[in-house]
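First up is the structure itself, then whatever we jot down about it.
What you see is a predicted model, and the numbers here were worked out from it, not measured in a lab.
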Amino acid sequence: PLSKHQQFNEKSFDLILDKILTDKRKIAKGVFVPTSVTQSDFANMFSDQENEKYTLEDIDNLEPLNFEEHVVRKLRTFSNLKVSLTPTSHDYGADIIVKYKNNSSAIIQCKHRSSFQRNLSEDGCDELINAKRNYRDLINPKLFLVSNVSRPTQGCFNKANANDINLIFRDSILDVGNIIKNKLNE
């Protein structure tokens, strides 16, 4: 039963609330919601993102966290890789952890720069070296520094060589998933 106020008539609280709820019910009836969603159904909802072809310009326009997610999507196209994005803070120097069927693993540090023309300093290498010390459960992980920049500084290049860090920069960023997977197969 609706209560219609004598003074407010059609502007009574009960009548206004009833109209809002009726409108919401009409909207809800028009929305299709599957009765159950399997894991593969859920993954397929986002499959267009996985198969989407990014250009270098698209990658340059990503925000740093979206860049990390892009690398994760590229890696997840391989069903035999277990790929985990680390927390945005307190990640101990790792952005992505990858485990492969043969017990090989990888620690990935992503560095996205707003200008691809800047050289990448050695801070990414330092973070990977720190991550290797902190992720002790990974047995001899391969280290990857992935960035949209064109080249590293000489200090970054030297530190990467001295610590077996694989550098993936602009010239090969579009094939980042295949490069990492192939290195894990070595």
Side-chain angles (χ1 to χ4, degrees), residues 43 46 49-186:
F46 302 100
Q49 291 177 333
E50 289 177 11
N51 297 324
E52 187 174 334
K53 301 291 185 205
Y54 279 80
T55 65
L56 288 174
E57 184 178 329
D58 294 330
I59 290 171
D60 289 337
N61 289 325
L62 293 173
E63 293 295 321
L65 290 176
N66 297 117
F67 179 64
E68 292 175 16
E69 291 166 358
H70 169 71
V71 174
V72 166
R73 279 195 306 273
K74 288 292 196 179
L75 290 165
R76 285 188 176 153
T77 61
F78 303 103
S79 60
N80 52 0
L81 296 180
K82 183 180 178 199
V83 184
S84 305
L85 193 59
T86 63
T88 54
S89 60
H90 307 296
D91 61 11
Y92 303 106
D95 292 324
I96 303 166
I97 302 294
V98 180
K99 294 182 181 176
Y100 191 49
K101 63 180 178 183
N102 61 3
N103 288 329
S104 62
S105 59
I107 300 173
I108 303 169
Q109 176 58 236
C110 296
K111 292 293 181 189
H112 186 275
R113 298 294 185 246
S114 57
S115 172
F116 68 87
Q117 296 169 334
R118 289 178 49 196
N119 291 348
L120 190 67
S121 67
E122 57 192 76
D123 64 325
C125 292
D126 293 334
E127 291 179 54
L128 279 167
I129 294 165
N130 185 46
K132 188 174 181 180
R133 282 193 301 263
N134 284 295
Y135 288 90
R136 292 187 190 113
D137 60 321
L138 302 177
I139 301 166
N140 198 25
K142 296 192 187 283
L143 305 177
F144 293 90
L145 180 56
V146 179
S147 181
N148 68 316
V149 300
S150 296
R151 61 192 165 278
T153 62
Q154 190 61 47
C156 178
F157 183 78
N158 293 342
K159 192 169 271 194
N161 282 339
N163 292 280
D164 292 322
I165 296 172
N166 298 280
L167 300 175
I168 302 175
F169 289 129
R170 185 173 194 79
D171 59 343
S172 53
I173 194 72
L174 295 176
D175 202 29
V176 66
N178 285 320
I179 293 168
I180 293 171
K181 183 181 182 295
N182 291 338
K183 287 283 187 182
L184 287 171
N185 275 328
E186 292 177 356

Verdict with reasoning, Glu127 to Asn130, per side-chain contact (heavy atoms from CB on, under 4.5 Å): CA-CA 5 Å; Glu127 291 179 54; Asn130 185 46; 5.6 Å; no
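- Rounding to the nearest 0.5 Å places SG of Cys125 at 9.0 Å from CG of Leu143.
- Not counting sequence neighbours, the partners of Glu122 by the salt bridge (Lys or Arg N to Asp or Glu O under 4.0 Å) test are Lys159.
- Checking side-chain atoms of Ser147 against main-chain N and O of Lys111 turns up a donor-acceptor pair under 3.5 Å.
- To the nearest 0.5 Å, atom CD1 of residue Ile107 and atom NZ of residue Lys132 are 8.0 Å apart.
- Partners of Ser115 according to the side chain to side chain contact (heavy atoms under 4.5 Å, CB included) rule, which considers only residues two or more places apart in sequence or in another chain, are Gln117, Arg118.
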Asn148/Arg113 under side-chain contact (heavy atoms from CB on, under 4.5 Å): CA gap, chis, key distance, verdict: CA-CA 7 Å; Asn148 68 316; Arg113 298 294 185 246; 4.0 Å; yes
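- Shortest non-hydrogen contact noted between Val71 and Cys110 is CG2-SG, 4.1 Å.
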Under 3.5 Å, side-chain donor or acceptor atoms of residues 172-184 against the rest of the protein: list the pairs with distances, not counting sequence neighbours.
| residue | atom | partner | partner atom | Å |
| --- | --- | --- | --- | --- |
| Asp175 | OD1 | Asn178 | ND2 | 2.7 |
| Asn182 | ND2 | Asn178 | O | 3.1 |

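- Remark: Ile97 CD1 to Tyr135 OH distance equals 5.0 Å, nearest 0.5 Å.
- For the pairing with Ile108, the side chain to side chain contact (heavy atoms under 4.5 Å, CB included) check across Leu128, Leu145, Leu75 returns one residue only, Leu75.
- Taking every heavy atom of both residues into account, Pro152 and Leu167 meet most closely at CG-CD1, 4.2 Å.
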Worked check of side-chain contact (heavy atoms from CB on, under 4.5 Å) between Leu62 and Tyr54: CA-CA 10 Å; Leu62 293 173; Tyr54 279 80; 4.2 Å; yes
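- Sorted by first then second residue, the salt bridge (charged side-chain N to carboxylate O under 4.0 Å, His left out) pairs that include residues 142-155, not counting sequence neighbours, number zero.
- Listed by chain and number, the residues in a ring pair (Phe, Tyr, Trp, His ring centres under 6.0 Å) with Phe67 are His112 (sequence neighbours excluded).
- Contact annotation: the side chain of Lys99 approaches that of Asp137 to within less than 4.5 Å [non-hydrogen atoms, C-beta and beyond].
- In this structure Asn161 satisfies the side chain to side chain contact (heavy atoms under 4.5 Å, CB included) test together with Phe157, sequence neighbours excluded.
- The heavy-atom pair separating Leu138 from Ser105 by the smallest distance is CB-OG, 3.6 Å.
- Remark: Arg76 CZ to Lys82 NZ distance equals 10.5 Å, nearest 0.5 Å.
- Atom-to-atom distance recorded for Leu85:CG and Leu65:CG is 8.0 Å, nearest 0.5 angstrom.
- Distance CD/Gln109 to OG1/Thr86: 8.0 Å, rounded to 0.5 Å.
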side-chain contact (heavy atoms from CB on, under 4.5 Å) assessment of Val146 paired with Asp95: CA-CA 10 Å; Val146 179; Asp95 292 324; over 6 Å; no
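- Residue Phe144 comes nearest to Ala106 through the heavy atom pair CE1-CB, 3.7 Å, listed as atom of the first residue, atom of the second, then distance.
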